[in-house]
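Below: the structure, in structure tokens.
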Protein chains: 2
Amino acid sequence: MSDAEDFSDGEPCSLREVLGLVGDKWTMQILVRLTDGPRRFSELEHGIEGISRRMLALTLRNLERNGLVTRTVYAEVPPRVEYAITPHAAELDEPLHALSAWASKHRAIVGEARRAYDATKAS
Amino acid sequence: MSDAEDFSDGEPCSLREVLGLVGDKWTMQILVRLTDGPRRFSELEHGIEGISRRMLALTLRNLERNGLVTRTVYAEVPPRVEYAITPHAAELDEPLHALSAWASKHRAIVGEARRAYDATKAS
DNA sequence: CCGAATCCGCCTAGATACTG
DNA sequence: CAGTATCTAGGCGGATTCGG
């Protein structure tokens, strides 16, 4: 199935690689939730606003495939499945927070830049 | 025109905001090139592997709109247009390098995780 | 040289319904 | 509860063409 970048080549642009892993619409939000501890499928489904069951499943599959999340099935009734972050993904926490901090700091400036730009273009 | 997130709401998830700004296919690569200094349109076009003229123009427009890049037109013949990074975007450099470092460190592990996962699924 | 406009194929997310 | 299967529409990106 799909596979944006291979992670098998030499040294292209590491940035794009990370983005290929966590840069999509839902991955980050899942990762953030899992930093607090393991979560069940339905916990994630209800906790993340607007995500569909399909996208949650697909995104979790990818995370699992890339070794960023582990999937544990408990043989119970009713069935229970827990997802947990791996140590590797946990190390993403700091860089991600740095990015988040940038957004918080520059949010107002970006908003103002947009208004200014749109105003001049409103011919 | 399009506008994923508004930057006008209270405090949703800053991460998604940054990703909305620089998380697409080309923005990062353009930004990285511009950290070395101002570049012309055609310099970027030829320097970035695989980008189309259309996508370069669109991506630059967005960067300009968000106040991350400035566009300067020189009244010459032939016409010359230079793009430069703004101080705000320059501050993205460090967080981005942190992400890049993560990718370099975990590249092998991710690759191995994928092979392992795909192997077990090759039923 | 720098872009805007148009056309168009592909991918992907969303909705919905079904299974273990 | 925790997924999978199928269908469809809309966005995105590439190619091409025209304008400043």
Side-chain angles (χ1 to χ4, degrees), chain A residues 1-5 16 19-30 33-34 38-65 69-84 117-118 120-123, chain B residues 1-6 16 19-30 33-34 38-66 69-84 117 120-121 123:
Chain A
M1 204 180 290
S2 69
D3 195 9
E5 10 276 323
R16 299 239 45 251
L19 289 178
L21 288 179
V22 302
D24 62 291
K25 190 174 181 182
W26 304 112
T27 299
M28 289 281 208
Q29 303 179 58
I30 294 177
R33 306 250 163 191
L34 291 184
R39 290 294 137 87
R40 306 183 56 170
F41 187 90
S42 42
E43 288 180 302
L44 293 170
E45 184 181 1
H46 297 126
I48 298 178
E49 182 80 11
I51 197 171
S52 65
R53 191 168 299 173
R54 170 189 154 86
M55 287 317 297
L56 179 56
L58 285 179
T59 309
L60 284 171
R61 288 285 150 269
N62 265 328
L63 282 168
E64 190 191 355
R65 180 166 112 97
V69 155
T70 59
R71 177 174 181 270
T72 312
V73 182
Y74 296 90
E76 304 173 356
V77 266
R80 182 164 60 105
V81 180
E82 277 193 351
Y83 293 91
Y117 183 92
D118 293 346
T120 67
K121 299 299 175 181
S123 56
Chain B
M1 203 178 291
S2 69
D3 196 9
E5 10 277 322
D6 267 352
R16 298 240 45 251
L19 288 178
L21 288 179
V22 303
D24 62 291
K25 189 172 180 183
W26 304 111
T27 299
M28 289 282 207
Q29 303 180 58
I30 294 176
R33 307 249 163 192
L34 291 184
R39 290 294 139 86
R40 304 185 57 172
F41 187 89
S42 40
E43 286 182 302
L44 293 170
E45 184 180 1
H46 297 126
I48 299 177
E49 183 81 9
I51 195 171
S52 67
R53 193 170 299 176
R54 169 189 155 86
M55 287 318 296
L56 180 55
L58 285 179
T59 309
L60 285 171
R61 289 282 84 76
N62 264 328
L63 283 169
E64 190 191 357
R65 181 167 113 94
N66 294 325
V69 155
T70 60
R71 178 174 180 271
T72 311
V73 182
Y74 295 91
E76 304 173 356
V77 269
R80 182 164 60 104
V81 181
E82 276 195 350
Y83 294 91
Y117 183 92
T120 67
K121 298 300 176 182
S123 56

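Heavy atoms only: backbone and side chains are in, while hydrogens, waters and symmetry mates are out.
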Please pick, from [options], the nucleotide with the shortest atom-to-atom distance to any side-chain atom of [X].
X	options	result
B:Trp26	D:dG3, D:dG14, C:dC2	D:dG14
B:Arg40	C:dG14, C:dC2, D:dG3	C:dC2
A:Ala57	C:dC1, D:dG3, D:dG14	D:dG3
B:Met55	D:dC1, D:dG14, C:dG3	D:dG14

Task: Polar contact flag, side-chain donor to acceptor under 3.5 angstrom, B:Asn62-B:Thr59 - done: no

Task: Contact under 4.0 Å: A:Arg71 side-chain N or O vs D:dG3 OP1/OP2 - done: yes

Task: CA sep, side-chain torsions, deciding dist, call: A:Glu82, A:Arg39, side-chain contact (heavy atoms from CB on, under 4.5 Å) - done: CA-CA 5 Å; A:Glu82 277 193 351; A:Arg39 290 294 137 87; over 6 Å; no

Task: Nearest-nucleotide comparison on DNA chain D, the residue closer to the 5′ end among A:Ser42 and B:Lys25 - done: A:Ser42

Open item on the list: Walk along nucleotides 15-20 of chain D from 5' to 3' and tag each nucleotide B, S or - by protein heavy-atom contact under 4.0 Å, base first, then sugar-phosphate.
Closed with: B----B

Task: Rounded distance [0.5 Å steps], CE in B:Met28 versus CD1 in B:Ile48 - done: 13.0 Å

Open item on the list: Quick check for you: to the nearest 0.5 Å, what is the distance between A:Ile51 atom CD1 and A:Glu45 atom CD?
Closed with: 8.5 Å

Open item on the list: Please check if the number of heavy atoms outside B:Glu49 that lie under 6.0 Å from its CD is greater than 12.
Closed with: no

Open item on the list: Considering every strand and a 4.0 Å limit on heavy-atom distances, what is the contact class for A:Tyr83: base, sugar-phosphate, or nothing?
Closed with: sugar-phosphate

- [ ] For the pair A:Glu64 and A:Arg61, find out whether any cationic side-chain nitrogen is under 4.0 Å from an anionic carboxylate oxygen.
- [x] yes

